[in-house]
Amino acid sequence: MQRARIARIVEHHAAVRSFFLEPENMPAFIAGQFVAIALEEGGTERSYSIASQPGSKELELCIALKPDGYMSPALFAMQVGDTVFLSEPRGSFTLPDAQNEVCLICTGTGIAPFRSMILDALHKGDTRKFYLVSGNRLKQDALYHDEMLQLTASHSNFRYLPVLSREEYPGFAHGYVHPVYETIFADGRDATFMVCGWTAMLSEARRRLKAMGYNRRQYHFEQYDG
């Protein structure tokens, strides 16, 4: 692992912050990968998806505070200039090469790897059609909301579909993410589904995608613990 300085901290809301890290040697990574963080060299690690676009000068990690957790309370107590230890990029939760439509389904901070994928794909001129179905409880919880709206407005092949489960708000669907993608792909056309969220959400998505006729080669899952 290498030392990384906290260059910036952005508070999305009281329970979610983005930490922008400057490693001693910026690692190359593929959109969708994650890194492990330790408070001291050789210490206990926790893994977080990279939210920034490959080629960025900083690594952005979008982290939710878990009050009874080990890592997030310590990170939320840190300030700009503090350091942590950072692993090399890991994981295979990355966009496949297939040229079919891509549906990205997430809840909460599960949007982090998808933000990296979307920014990278659109920057490279990927012509596939992308859907981002992002679920949260309240409007204030919707991460990168304005940015996703701007990307939808400027790229005809990207569609952002935000969903709220605990309140109704203009521009958001009300309920859960599952009926949204079920409606879009009700015809069963070829597509790749990538899902990131809590264990229960992943299990429900797997059940529903199977019922829609999709197989495990067409969907990919990444679990997070908050």
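This chain uses plain numbering: 1 for the first residue, then up along the sequence.
Taking Ile, Leu, Val, Met, Phe, Trp and Tyr as members and joining any whose side-chain heavy atoms lie under 4.5 Å apart, directly or through other members, the hydrophobic cluster of I105 also contains Y131, V133, L161, V163, V177, V180, Y181, I184, F185, F193, V195, M201, L202, L209, M212, Y214, Y219, F221.
Tracing side-chain contacts under 4.5 Å through hydrophobic residues (I, L, V, M, F, W, Y), one never reaches M78 starting from V10; they form parts of separate clusters. Hydrophobic cluster membership differs between I111 and L138, with clusters built from Ile, Leu, Val, Met, Phe, Trp and Tyr side chains linked at under 4.5 angstrom. Residues I30 and F93 do not share a hydrophobic cluster, clusters being chains of Ile/Leu/Val/Met/Phe/Trp/Tyr side chains in contact below 4.5 Å. Cluster membership for V16 and Y48, using ILVMFWY side-chain heavy atoms within less than 4.5 angstrom, is not shared.
Between the side chain of S116 and the backbone N or O of S52, at least one donor-acceptor pair lies under 3.5 Å. Distance alone, capped at 3.5 Å, places no donor-acceptor pair between the H178 side chain and the E204 backbone. A side-chain donor-acceptor contact under 3.5 Å links Q2 to the backbone of N25. With hydrogens and angles disregarded, a donor-acceptor distance shorter than 3.5 Å links the side chain of Q33 to the backbone of G91. Looking at T107, its side chain never comes within 3.5 Å of a backbone N or O of G135 through a donor-acceptor pair. In terms of modelled atom types and a separation under 3.5 Å, the side chain of D120 and the main chain of M117 share no donor-acceptor contact.
Within the model, atoms OG of S165 and CG of N136 stand 8.0 Å from one another, a figure rounded to the nearest 0.5 Å. A distance of 9.0 Å separates OG1 of T109 from CD1 of I63, quoted to the nearest 0.5 Å.
Take Q99 and apply the side chain to side chain contact (heavy atoms under 4.5 Å, CB included) test, not counting sequence neighbours, and it matches R128. Remark: F19 pairs with F76 by the ring-ring contact (aromatic ring centres under 6.0 Å, His included) rule, at least two apart or across chains. Partners of F85 under the ring-ring contact (aromatic ring centres under 6.0 Å, His included) rule, at least two apart in sequence or in another chain, do not exist in this structure. Annotation: side-chain hydrogen bond (donor to acceptor under 3.5 Å, both in side chains) contacts of H220 (sequence neighbours excluded): none. With sequence neighbours left out, the ring-ring contact (aromatic ring centres under 6.0 Å, His included) criterion links Y160 to H145.
For E11, the CD atom sits in a packed shell: over 12 heavy atoms of surrounding residues, nucleotides or ligands are nearer than 6.0 Å. Counting non-hydrogen atoms of neighbouring residues, nucleotides and ligands closer than 6.0 angstrom, the CD atom of E24 exceeds 12 such neighbours. More than 12 heavy atoms of other residues, nucleotides or ligands sit less than 6.0 Å from atom CZ of R189. For H123, the NE2 atom sits in a loose shell: 12 or fewer heavy atoms of surrounding residues, nucleotides or ligands are nearer than 6.0 Å. For CZ of R159, the number of neighbouring non-hydrogen atoms (other residues, nucleotides, ligands) closer than 6.0 Å is 12 at most.
Side chains of M148 and I118 form a contact here, defined as non-hydrogen atoms less than 4.5 Å apart. Using a 4.5 Å cut-off on side-chain heavy atoms (C-beta onward), F34 and E222 make contact.
Ion pairing between R90 and E88 holds under the 4.0 Å rule for side-chain N and carboxylate O. Residues E167 and K139 are not paired through a salt bridge, judged by the lack of any N-O separation under 4.0 Å between the basic side chain and the carboxylate. In this structure, E60 pairs ionically with R115, as a charged nitrogen and a carboxylate oxygen lie closer than 4.0 Å.
Of all heavy-atom pairs between R3 and T83, the closest is NH1-OG1, 3.4 Å. Counting all heavy atoms, side chain and backbone alike, R5 lies closest to G81 at NE-CA, 3.9 Å. The shortest heavy-atom contact between D126 and N157 is O-ND2, 2.8 Å. Residues A38 and M71 approach most closely at CA-CE, 4.0 Å, considering heavy atoms. Between P162 and G171, the closest heavy-atom pair is CG-O, 3.6 Å. Counting all heavy atoms, side chain and backbone alike, L61 lies closest to I50 at CD2-CA, 4.1 Å.
Side-chain atoms of N215 and Q218 form a donor-acceptor pair, as typed in the model, at a separation below 3.5 Å.
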>> Evaluate V102 against L95 for side-chain contact (heavy atoms from CB on, under 4.5 Å), listing each step before the verdict.
In response: CA-CA 9 Å; V102 179; L95 282 174; 3.9 Å; yes
>> Please evaluate residues M1 and E45 with respect to the criterion side-chain contact (heavy atoms from CB on, under 4.5 Å), reporting the C-alpha separation (whole Å), side-chain torsions for both, the decisive distance (0.1 Å), and the verdict.
In response: CA-CA 11 Å; M1 300 185 86; E45 300 178 3; 3.4 Å; yes
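Aromatic ring centres of Y144 and H12: separated by under 6.0 Å.
Across C106, S134, S49, a single residue satisfies side-chain contact (heavy atoms from CB on, under 4.5 Å) together with F114, and that is C106.
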